[in-house]
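The structure appears below as structure tokens.
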Amino acid sequence: MERTFSMIKPEAVLGCVAGKIITRIEESGLKIIAQKMLRLSKEQAACFYAAHKDKAFFEELIENITAGPVIVQVLAGENAIEEYRRLMGAANPAAAEENTLRRLYGISIEKNAVHGSDCPETAAREISFFFNQLEIIK
Ligand code: GDP
């Protein structure tokens, strides 16, 4: 069993497709073992996306992720990190495969509906950024 971190981004929450995304996650076989909704401050968002601080799109990234509430989750399953990235699809919705979350619900590369961890180290960091042990179902 592996764990990954998932975020349903503001454009999906504000666009009222969060429920559809959660249904797709459940249908994929990944188990939701933690979930909550919150709104990030600019400071929290900059900390979460610290790895991108030197990128040209950093400011826009912070704007987008703080534009409304997000739903954060911990997902568990065999190869959860890879499985969730497959379900999400490529970062650019226009290039993402048919039936992936980003293809179905993403608006643009900046507003691509969902985020998922890209490796075990990132997953551990991102999960502990948002959740304490009491909030995660064993
Ligand atoms: P992910 O792991 O697939 O989410 O992609 P990254 O970690 O590389 O990028 C984080 C987020 O930054 C992406 O989900 C996009 O929302 C955003 N992003 C990535 N590339 C670009 C870009 O070229 N321009 C802008 N504006 N945003 C980008």
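In listed order, ligands and their atoms are each counted from 1.
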Strictly less than 4.0 Å: does any protein heavy-atom distance to atom 20 (N) of ligand 1 fall in that range? yes
Least distance between heavy atoms, Arg24 atom then Asn99 atom: NH2-O, 2.8 Å
Pair listing, salt bridge (charged side-chain N to carboxylate O under 4.0 Å, His left out) test, anchored in residues 114-138, at least two apart: Lys36-Glu135
Structural part of Arg85 in contact with ligand 1, heavy atom criterion under 4.0 angstrom: side chain
How does His52 reach ligand 1, if at all, at less than 4.0 Å between non-hydrogen atoms: by side chain, backbone, both, or neither? side chain
Please report which non-hydrogen protein atom sits nearest to atom 18 (N) of ligand 1, along with the residue it belongs to and the distance in Å to one decimal place. Phe57 CE1, 3.5 Å
Any chance the rings of Phe129 and Phe48 have centres within less than 6.0 Å? yes
When you compare ligand 1 with Lys111, is there at least one nitrogen or oxygen pair between them that comes in under 3.5 angstrom? no
Using heavy atoms and a 4.0 Å limit, tell me yes or no: is Asp118 in contact with ligand 1? no
Minimum heavy-atom separation for Met37 to Val13, with atom names? SD-CG1, 4.1 Å
Looking at Met7, Met88, Arg102, the heavy atom closest to atom 1 (P) of ligand 1 belongs to Arg102
Nearest atoms (heavy-atom pairs only) where Pro10 meets Ile65: CG-O, 3.4 Å
Answer side chain, backbone, both or neither: which part of Glu60 comes under 4.0 Å from ligand 1, heavy atoms only. side chain
Contacts of Phe131 that satisfy ring pair (Phe, Tyr, Trp, His ring centres under 6.0 Å) - sequence neighbours left out: none
Asn112: numbered ligand 1 atoms lying under 4.0 Å from its heavy atoms: 13 (C), 14 (O), 15 (C), 16 (O)
With a heavy-atom distance limit of 4.0 Å, tell me whether Glu59 approaches ligand 1 through its side chain, its backbone, both, or neither. neither
Applying a heavy-atom cut-off of 4.0 Å, say which part of Lys9 lies close to ligand 1: side chain, backbone, both or neither. side chain
What do you reckon, does Val114 have a nitrogen or oxygen under 3.5 Å from a nitrogen or oxygen of ligand 1? no
Would you mind checking if Lys31 and Glu26 are paired as a salt bridge, meaning a charged N to carboxylate O distance below 4.0 Å? no
Positive for side chain to side chain donor-acceptor pair (under 3.5 Å) with Ser6, one of His115, Gln73, Gln35: Gln73
Testing the 3.5 Å rule here: is there a donor-acceptor pair between the side chains of Thr100 and Glu97? no
Could you list the atoms of ligand 1 found under 4.0 angstrom from a heavy atom of His115? 4 (O)
